[in-house]
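Side chains are part of it too, since the values below use all heavy atoms of this structure and drop only hydrogens, waters and symmetry mates. One-based numbering, in listed order, for ligands and for the atoms of each. Owing to the predicted nature of the structure, the values given are computational and were not obtained by experimental measurement.
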Amino acid sequence: MIIVLKKDTAPDKVNEMIRRFEEMDLQVQEIRGVHETILGLIGDTSRLDTDDIKSMNIVAEVKRIQEPYKNANRKFHPDDTIVDVSGRKIGGGHFQVIAGPCSVESREQMTAVAAAVKASGAGLMRGGAFKPRTSPYAFQGLRAEGIEYLLEAKKTSGLPIVTEIMNAAHLPLFENVDVIQVGARNMQNFELLKELGKVNKPILLKRGLANTIEELLMSAEYIMAGGNKNVILCERGIRTFETATRNTLDISAIPIIKKQSHLPVIVDPSHASGIRWMVHPLSMAAIAVGADGLIIEVHDHPEEALCDGAQSLTPDQFDEVMQDVKRTVTFFGKQMD
Ligand code: PEP
Ligand code: MN
């Protein structure tokens, strides 16, 4: 970090500032000109807030050289992180498809969809028990009962479960859940992220509707700073001026995130587009730009779905998409194991 001090700052003020940074275990390189002093901070500056420093009386300008996240940063962890979910690997050349309904609606639905997506090659299954809905009058999910049905479907299919948490107080219900999802709307629920930092399970962190890539990585940093290093990132479309699709899939986010971070990145073409037929082309695009997996909504009767039917594939349509997914993943040199 570079700090430019205001012209003609008194030397005792400069020395006081240097001492404060040194007390924080940072090395300070001082360049003293005739009128101007510049301080270069060396060490872990991730704990410093540039706005706080800018607000100091003697500071003219602050420039961050290093990203404010350390745990999630590829600079400090050059190798890809491989997240292992009961033997299903994600990242570092391993590709997984997570599939299932938007919401868990019944025992029969969950068991049937789990069997179908497994037969088509999905490695994990999804299903929301706690649903973040825009309207308080819309279906809110089966909650604890939904988790029960997911666990039953896990038993019959053998597929690990991915499901969303909205409140840390619900954590005891997630004891046998394999991957805990943080939805787009909770990406910056920092208290929830801190609690998930203490959990010994992989976290699927979805990008917020209006959040930057750096903010996504900072949210991952919250979880990792707490000790939980198993974070999978998910690009699920962001809100733009475009109305033709539900969201806009930020396809460039995938290579950027993979350059800046070692964490696996998956893509959600269902929520990104909101349109069933777009799941196939967006899945192909995601694989081509280097995604480590996909999360796809599949429903046995999409027309009767209680949530997101328009973007849900039937098991047959999912099977068709999977044929091309398998071919394309192999073409790009990754394995689905
Ligand atoms: C979901 O995956 O069920 C979901 C609600 O997605 P998002 O948080 O990305 O909107
Ligand atoms: Mn959904």
Side-chain angles (χ1 to χ4, degrees), residues 96-105 109-110 113 117 122 124-136 138-143 146-147 149-150 160-167 170 174 177-189 192-193 196 202-211 213 215-216 219-220 231-240 245-251 253-254 257 265-276 278-279 282-283 286 291 293-314 318:
Q96 291 294 339
V97 177
I98 305 166
C102 178
S103 315
V104 182
E105 296 171 8
Q109 169 231 25
M110 207 49 238
V113 175
V117 299
L124 300 97
M125 65 170 156
R126 60 152 292 150
F130 293 91
K131 293 303 303 175
R133 304 302 301 276
T134 301
S135 167
F139 176 58
Q140 303 288 305
L142 294 181
R143 302 168 72 88
I147 303 229
Y149 298 156
L150 278 166
I161 307 168
V162 182
T163 194
E164 178 169 352
I165 194 163
M166 297 210 292
N167 186 336
H170 298 152
F174 286 67
V177 165
D178 301 279
V179 178
I180 302 179
Q181 176 175 322
V182 175
R185 288 150 193 86
N186 273 311
M187 189 203 89
Q188 287 193 315
N189 181 340
L192 177 61
L193 300 178
L196 296 176
I203 308 296
L204 173 60
L205 178 64
K206 298 187 91 175
R207 180 178 180 186
L209 281 73
N211 286 112
I213 291 168
E215 285 164 344
L216 172 64
S219 290
V231 179
I232 304 160
L233 303 170
C234 179
E235 164 56 40
R236 45 79 72 206
I238 49 173
R239 190 165 277 185
T240 68
T245 46
R246 184 175 176 183
N247 292 289
T248 299
L249 178 62
D250 183 6
I251 202 79
I254 295 101
I257 296 171
V265 185
I266 69 166
V267 167
D268 178 343
S270 308
H271 290 91
S273 64
I275 304 169
R276 183 174 303 130
M278 285 199 73
V279 169
L282 294 187
S283 297
L294 293 164
I295 178 163
I296 296 179
E297 286 189 343
V298 179
H299 196 289
D300 46 354
H301 300 287
E303 66 289 351
E304 289 164 20
L306 296 177
C307 182
D308 288 350
Q311 67 195 34
S312 299
L313 303 180
T314 62
F318 177 68

For [atom], the protein heavy atom that lies nearest, with its residue and separation:
{"atom": "atom 4 (C) of ligand 1", "answer": "His271 NE2, 3.6 Å"}
{"atom": "atom 6 (O) of ligand 1", "answer": "Lys206 NZ, 2.9 Å"}
{"atom": "atom 3 (O) of ligand 1", "answer": "Arg126 NH2, 2.8 Å"}

Give the numbers and elements of all ligand 1 atoms closer than 4.0 Å to a heavy atom of [X].
{"X": "Ala184", "answer": "7 (P), 8 (O), 9 (O)"}
{"X": "Arg236", "answer": "7 (P), 9 (O), 10 (O)"}
{"X": "Gly183", "answer": "8 (O)"}

Hey, are the side chains of [X] and [Y] touching, using non-hydrogen atoms and a 4.5 Å cut-off?
{"X": "Pro132", "Y": "Asn186", "value": "no"}
{"X": "Val177", "Y": "Leu150", "value": "no"}
{"X": "Phe174", "Y": "Thr163", "value": "yes"}
{"X": "Arg236", "Y": "Leu209", "value": "yes"}
{"X": "Arg246", "Y": "Asp308", "value": "yes"}

Query raised in the report: Touching ligand 1 at all, Arg207? Heavy atoms, strictly under 4.0 Å?
Result: no
[X] atom (N/O/S) at minimal separation from the Mn ion (ligand 2):
{"X": "Asp308", "value": "OD2"}
{"X": "Glu297", "value": "OE2"}
{"X": "His271", "value": "NE2"}

Q) How about Cys307: does one of its N, O or S atoms come closer than 2.8 Å to the Mn ion (ligand 2)? A) no
CD1 of Ile98 to CG of Leu294, rounded to nearest 0.5 Å, is 9.0 Å
Quiz item: Just by distance, with hydrogens left out, do Glu297 and His271 show a side-chain donor and acceptor under 3.5 Å apart?
Solution: yes
Just distances here: any N/O of Glu164 and N/O of ligand 1 closer than 3.5 Å? no
Discussion item. With nothing but distance in play, are any N or O atoms of Asp268 less than 3.5 Å from an N or O of ligand 1?
Written reply: no
Which of Leu204, Leu193, Val231 passes side chain to side chain contact (heavy atoms under 4.5 Å, CB included) with Val182? It is Leu193
Correct closest heavy-atom pair for Cys234 and Ile295 would be SG-CG2, 4.0 Å
